[in-house]
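Values below: every heavy atom of this structure, side chains too, minus hydrogens, waters and symmetry copies.
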Amino acid sequence: TANQEPTQHQIQPLINLYAQGQYEQTLSEALQLLIEFPDSGTLFNIIGAANQGQGKLEEAIDAYQKAISIKPDYADAYNNMGLALKDQGKLDQAIEAYNKATSLNTDYAEAYFNTGNTLLDQGKLDEAIEAYTKALSIKPDYAEAYNNMGNALQNQGKLDEAVKAYNKVLHIKPDFAEAHNNLGNALKKQSKLEEAIDAYQKAISIKPDYAEANYNMGIALEGIIFNKPNKGINKIIQQILDKQINVAPIDITKAAISLLKLEPNLQKHLEFAGADVVENPLDIISDLSKLPLLMKLMSVCTLPDLELEKLFKNLRYAILSNILDTKYTLKELLKFQTALALQCFTNDYIYSSSEKEEKLLKYLEKNIKDSFKNNKQPHPQALLSLASYKALNQYDWCNLLIETDEIKKVFSRQVTEPNQEEKLKTKIPIVGKIVDNVSSKVRLQYEESPYPRWVNTGFHLKSMSISNVIDEIKLKLHDNKITEIAKPEILIAGCGTGQHSIRTATRFKFSKVLAVDLSLSSLAYAKRKSEELKIGNIEYSQADILELGQIDKKFDIIESVGVLHHMNNPMAGWKVLTDCLKPGGLMKIGLYSALARRDIVKIREEISQAGIGSSKIEIKSFRDMIARSDKDHHQQVLAFHDFYNFSELKDLLFHVQEHRFTIPLVQDHLDKLGLKFCGFESQNIVSHFQKTSKNKGEAYDLDKWQAYEEANPRAFAGMYQLWCQKVD
């Protein structure tokens, strides 16, 4: 009746406040108006919406129910209550509420849309598509409904239909960033990478801070080589690198380098990169310093490219030779020197140096010492030149340095952070003693050469339940109880410098991670980066896998990648890990493939036969020989990222202990340990495998994988990364 409801003139200001996101004020003014109109269903509906906007779901539902008790045919209140119930995870009740709304108003497109979204969350894809179809029959230009229908079709594997749905969205609403991103996902699944990248680029151009599109772009760029300039992608890669998370820079370096090599300012200088002497180095440095993507890449990750390496080596030498020349005072020089010093530090000083350079370095160090004797700070150019040959914290005068703006970035990376790590070493708990002879040797190698010295890493975009992770990587479970665990206890056995532990800790929702490693240097790096990134669900301890029984604890998930094959007896280590795993628990193991590493084995044999030691000079000299060689097995190793970082190269070719496996041997170990194969981690490999297989079930048959690897011997060039489950 007239006296039960406020006028539209009284209601409209509340609607405006709500639309602006001012939920608290909306609630306050609605409650004020409720005093005058205590039986207003409209006001209770608005109160419910304002509470829901503040996350007060129980209060919201209570308000909607009051609105409905006053106005039993109030379709909007039923629809809104459905949204609140969905937010509570009460999906069946939400659908009941939406159905009531559409029974009261058969033309309620939004309620059909919300029904579709809830059914999509339940995995009821056919029913969701039916609901979206009803919404579109009422509202043909409903872009959001087309978008979510595309998502449902994509989840069904109907990629062509999904692409058509997204294109309809973009015809209606060209600036719909989410639809461009979803279109990119569908195209990527169709292996149309260039089109997918174009779609992600459009999404990011509309919404630069769109985390999911940036993340997806990073994944799509892995392995892509550009053959024509693309300023838009160039800018997006810079943006991705600036974000510091979502994408590991090393994964997109090949794409980025291919773009950079199309830049005239770099292209013209690469032609002479192999020359013994660089002419006009200042001109080259000036040109390179104007390439922000190159400067950024040099600062955050190893660059796996021999042409760039030759150019950088020559420029490093040219700067060192002329460091005291007064003309070397360009602003661009300091910018380039900073990037070069960071690149050399990150690649662990992989570049070899001549006797002449060594003499010049001694002369330069003497000048720096003389500066300190005269109570003067060394010239920043001199310090940065030195820092491109050896880390500043390795010099005995390092504590006399004053951090200035000119050397700030290099000082932070080469002095401040290593000092932090030294302090953190004293705080890391130790589990048992490292008594195994091989474990002791491996520990020493990683104490001397912890790697990688990463700056940014690839976080998982959002944490997920165990069940969702299993669905994402399409694992076949042999016991479903693992999916009921809401807060998994996870062990990372061999965490290195922390990328693995951080990625896992951000992958599994509500997880608690214990990460162990032999090397305190690696653990301190990992702990520093975890604290820097505010990752609070990881504990670090020094431990040998062989001694893990001492912690007297069982885990829901155990991951050990690239570790067991460096043990004296991998099976003994694997047995300890299995004993630490709960029944029904999941385990991810990474092991070298004998087939994929045939070229590595051949080179290791050459090293052994030639009596080449593992000193820095010997390793660098041998590496230079491989870089010049035209032998096929030498050329193959150039494709490994490890070839471009000293510590990683040492690990690749000069490791003190290495075992290799075959798929039948892996199967034999699984059988002996009571573990069942669940699938491989890499979805790229699985996707390629499935193109050659007759049915999806073959992806869980290791005999089929053996045949696949024989036909594709470099498929597991990194290593086997397999998931398995402990069964009774």
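Residues passing the side chain to side chain contact (heavy atoms under 4.5 Å, CB included) test with Asp651 are Gln445, Tyr446, Tyr451, His566, Tyr592, His655, sequence neighbours excluded. Contacts of Lys620 classified as side-chain hydrogen bond (donor to acceptor under 3.5 Å, both in side chains), with partners at least two apart in sequence or in another chain: none. With sequence neighbours excluded, the residues that form a side chain to side chain contact (heavy atoms under 4.5 Å, CB included) with Lys672 are Met571, Asp668.
Using a cut-off of 4.0 Å between Lys/Arg side-chain N and Asp/Glu carboxylate O, Glu681 and Arg507 are scored as salt-bridged. Ion pair Glu448/Lys650 flagged as a salt bridge, since at least one NZ, NE, NH1 or NH2 atom sits closer than 4.0 Å to an Asp/Glu carboxylate oxygen. A salt bridge is absent between Arg628 and Asp624: the closest approach of a Lys/Arg side-chain nitrogen to an acidic carboxylate oxygen does not fall below 4.0 angstrom. Comment: Lys602 does not engage Glu606 in a salt bridge, judged by the lack of any side-chain N to carboxylate O separation of less than 4.0 angstrom. We find that Lys433 and Glu547 are not joined by a salt bridge, their nearest charged nitrogen and carboxylate oxygen being 4.0 Å or further apart. Looking at Glu532 and Lys529, a side-chain N of the basic residue comes within less than 4.0 Å of a carboxylate O on the acidic one, giving a salt bridge. Asp305 has no carboxylate O lying under 4.0 Å from a charged side-chain N of Lys254, or vice versa, which leaves the two without a salt bridge.
Atom CG of Asp552 sits in a sparse spot, with 12 or fewer heavy atoms from other residues, nucleotides or ligands closer than 6.0 Å. Under a cut-off of 6.0 angstrom, the local environment of NZ in Lys462 is sparse, with at most 12 non-hydrogen atoms contributed by other residues, nucleotides or ligands. Remark: Ile225 CD1 is packed, more than 12 non-hydrogen atoms of other residues, nucleotides or ligands lying under 6.0 Å away.
The aromatic rings of Tyr720 and Phe680 sit tilted relative to each other, their planes meeting at an angle between 30° and 60°.
A cation-pi arrangement is absent between Lys390 and Tyr349 under the rule of less than 6.0 angstrom and at most 45 degrees off the ring axis.
Defined by atom type and a distance below 3.5 Å, a donor-acceptor pair is present between the side-chain atoms of Glu559 and Thr504.
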